[in-house]
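Structure first, commentary second.
In what follows, every chain begins at residue 1, and chains take the letters A, B, ... in the order their sequences are listed.
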Amino acid sequence: MAGPGGGSSDVQWCFSQVKGAMDDDVAEADIISTVEFNHTGELLATGDKGGRVVIFQQEPESKNQPQCKGEYNVYSTFQSHEPEFDYLKSLEIEEKINKIRWLPQKNAAQFLLSTNDKTIKLWKISERDKRPEGYNLKEEDGRYRDPNSVTTLRVPVLRPMDLMVEASPRRVFANAHTYHINSISVNSDHETYLSADDLRINLWHLEITDRSFNIVDIKPANMEELTEVITAAEFHPDQCNTFVYSSSKGTIRLCDMRASALCDQHAKMFEEPEDPNNRSFFSEIISSISDVKFSHSGRYMMTRDYLSVKIWDLNMETRPVETYQVHEYLRSKLCSLYENDCIFDKFECCWNGNDSVVMTGSYNNFFRMFDRDYRQDVTFEASRENSKPRSVLKPRKISTGGKRKKDEISVDSLDFNKKILHTAWHPLDNIIAVATTNNLYIFQDKLN
Amino acid sequence: MSEDNDETQTTEETPVEETESQDQVISPEKAEEAKLKARYPNLGHKPGGSDLLRKRLQKGQKYFDSGDYNMAKAKIKNKQLPTAAPEKTEITGDHIPTPQDLPQRKPSLVASKLAG
């Protein structure tokens with residue numbers, strides 16, 4: 001059954017590439033902490049716990065050959081953030097890159113925002129493929145000539161050179177967050193962006209680093225009364241006055257910046273009513289939203305909590321329009337997941353280019369796709385065992401009952417240390433980037 | 001006598017069976033909650049409340065104070081300072097971090113293996 005732009009029924013996902021070391025001994029710095037395609041999908045950025053950013057570029061030749069569309073190679077890599085120690089507060093500041101967000105391209109250079117817990121940086125990534133030759137006062141190797149030896153003048157010319165990609169920090173947005181930054185989001189006006197920490201959201205202008213406006217503040221006067229924190233925030237894709245933020249209590253608040261300077265009063269609040277009979281010790285923890293993403297259309301938003309993915313219609317605050325169970329079989333494992341802290345894992349989610357399919361990660365290096373149109377879902381595994389080029393991914397099944405069929409994996413044999421928290425979908429094509437602990441997998445549609 | 005024993009055994013068994021069938025009716029979440037409460041009877045009743053959130057907000061706090069450290073060293077003189085417990089999750093006033101407790105924070109000079 002053919003679907004417009006890829007219902008998961010007609011898409012055949014294949015392995016394309018895997019990046020990163022093969023050894024099991026993972027250095028903490030190599031843990032991938034964020035993955036993001038740019039607006040054309042040509043560039044794919046990753047950030048890690050060591051504060052480094054690696055950018056991959058889609059091979060230009062392969063864009064026209066459907067079979068090789070998913071080929072990405074290293075374009076640039078740089079150290080974005082370094083570890084710091086705040087001596088005044090006795091606070092260690094991790095260099096881990098929490099989020100990367102690309103700016104829409106305005107000129108030849110590419111720009112991205114990367115943030116750790118405290119500081120946001122604007123990086124310019126530019127190409128240099130020419131260099132000037134024939135200076136009058138300098139030799140080719142850089143030594144200065146004696147001016148007295150110059151008898152004629154010449155005009156330096158630009159000659160081609162091997163492509164060099166340079167990354168330079170253009171802005172540093174610091175000292176605006178007391179708590180840990182969990183989100184950044186570029187506004188559709190392309191001039192401002194927001195940064196959110198556990199209790200506050202700030203609005204910045206990309207050109208101005210010495211001040212930012214506080215637009216949300218949920219810090220209670222008495223910290224003993226603290227009941228919820230901000231977990232994620234995002235600007236609406238088209239409406240530059242609208243943004244949403246999610247909380248640890250499972251609510252999403254939509255705010256309109258035209259209403260007032262401080263958006264503590266929400267314009268809309270999205271919350272699914274809870275069945276009081278089902279309430280348990282774990283209810284609030286598993287309802288905490290770890291990610292919120294607007295659809296490309298701007299009509300819907302998706303939230304990820306510990307066990308499910310929910311799609312909300314912005315016009316309806318009372319309940320989500322769709323709910324997809326990611327790994328419901330974990331509900332009967334919550335006690336041990338609480339003990340090993342896995343219950344606090346923050347999974348992200350993403351939309352495909354035409355908002356027909358959503359994707360999120362799980363444990364055992366599994367990731368899940370939910371086709372909204374065909375009401376189908378599928379589970380795949382990111383593993384080097386299935387890593388023959390262009391080999392079709394085989395759907396995985398988890399057996400929950402007593403009888404385990406052949407090829408099914410039992411819940412008890414799932415590896416909870418292998419978690420896929422970060423995934424990204426190419427904005428236009430069926431190419432996805434899936435991050436395991438320290439490896440980046442790229443999969444693509446066989447037919448594309 | 002043995003008959004009496006048998007009878008007591010059977011009467012003990014039936015309540016267990018009843019609880020098991022009740023468990024099937026209780027949601028898996030509640031069953032997990034019961035398990036947790038059995039293992040940690042002192043667990044507070046407000047799970048998503050202040051304690052959990054404050055722990056989250058305080059990530060990164062090291063509390064190394066050179067004044068405290070040197071005073072404590074002077075007091076104890078020859079004896080060893082109490083070292084940190086393996087799980088340093090609690091905010092304790094008595095524990096005095098030593099320089100050995102604080103991991104060396106140096107930027108990673110090695111390139112990412114993704115770029116290799």
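For chain B, the option among A:Lys333, A:Lys19, A:Glu339 with the highest count of heavy-atom pairs below 4.5 Å is A:Glu339. In terms of non-hydrogen atom pairs under 4.5 Å with chain B, the most contact-rich of A:Thr77, A:Asn73, A:Val229 is A:Val229. Taking chain B as the reference chain and counting heavy-atom pairs below 4.5 Å, the highest number among A:Ser288, A:Ala21, A:Ser332 is found for A:Ser332.
When heavy atoms are compared at a cutoff of 4.5 Å, A:Tyr75 does not approach chain B at all. For A:Ile32, the part sitting under 4.5 Å from any heavy atom of chain B is the side chain, from C-beta outward, and nothing else. In this structure, chain B has no heavy atom under 4.5 Å from any part of A:Leu337. For A:Ser283, the parts lying near chain B are the backbone and the side chain together; criterion is any non-hydrogen pair under 4.5 Å. Residue A:Phe56 touches chain B through its side chain alone, counting heavy-atom pairs closer than 4.5 Å. With a 4.5 Å cut-off on non-hydrogen atoms, A:Asp117 touches chain B through its side chain but not through its backbone.
A distance of 12.0 Å separates CE of A:Met22 from NZ of B:Lys113, quoted to the nearest 0.5 Å. Atom CZ in B:Arg39 sits 6.5 Å away from atom OG in A:Ser336 (nearest 0.5 Å). With values rounded to the nearest 0.5 angstrom, B:Ser112 atom OG is found 15.0 Å from A:Lys49 atom NZ. Distance CG/B:Leu114 to CG/A:Asp48: 7.0 Å, rounded to 0.5 Å. B:Lys30 contributes atom NZ, which lies 10.0 Å from atom CZ of A:Arg279 (distance to the nearest 0.5 angstrom). One finds the CG atom of A:Leu307 at 7.5 Å from the CD atom of B:Glu29 (value rounded to the nearest 0.5 Å).
Using a distance-only test at 3.5 Å, with no hydrogens or angles considered, a donor-acceptor pair links the side chain of B:Glu32 to the main chain of A:Leu334.
Annotation for A:Asp217: atom CG counts as buried by contact number, over 12 foreign heavy atoms lying within 6.0 Å. The number of heavy atoms from other shown groups lying within 6.0 Å of CD (A:Glu328) is above 12. More than 12 heavy atoms of other residues, nucleotides or ligands sit less than 6.0 Å from atom CG of A:Asp275.
For A:Asn116, the side chain to side chain contact (heavy atoms under 4.5 Å, CB included) criterion is met by A:His81, A:Ile93, A:Lys118, A:Thr119, not counting sequence neighbours.
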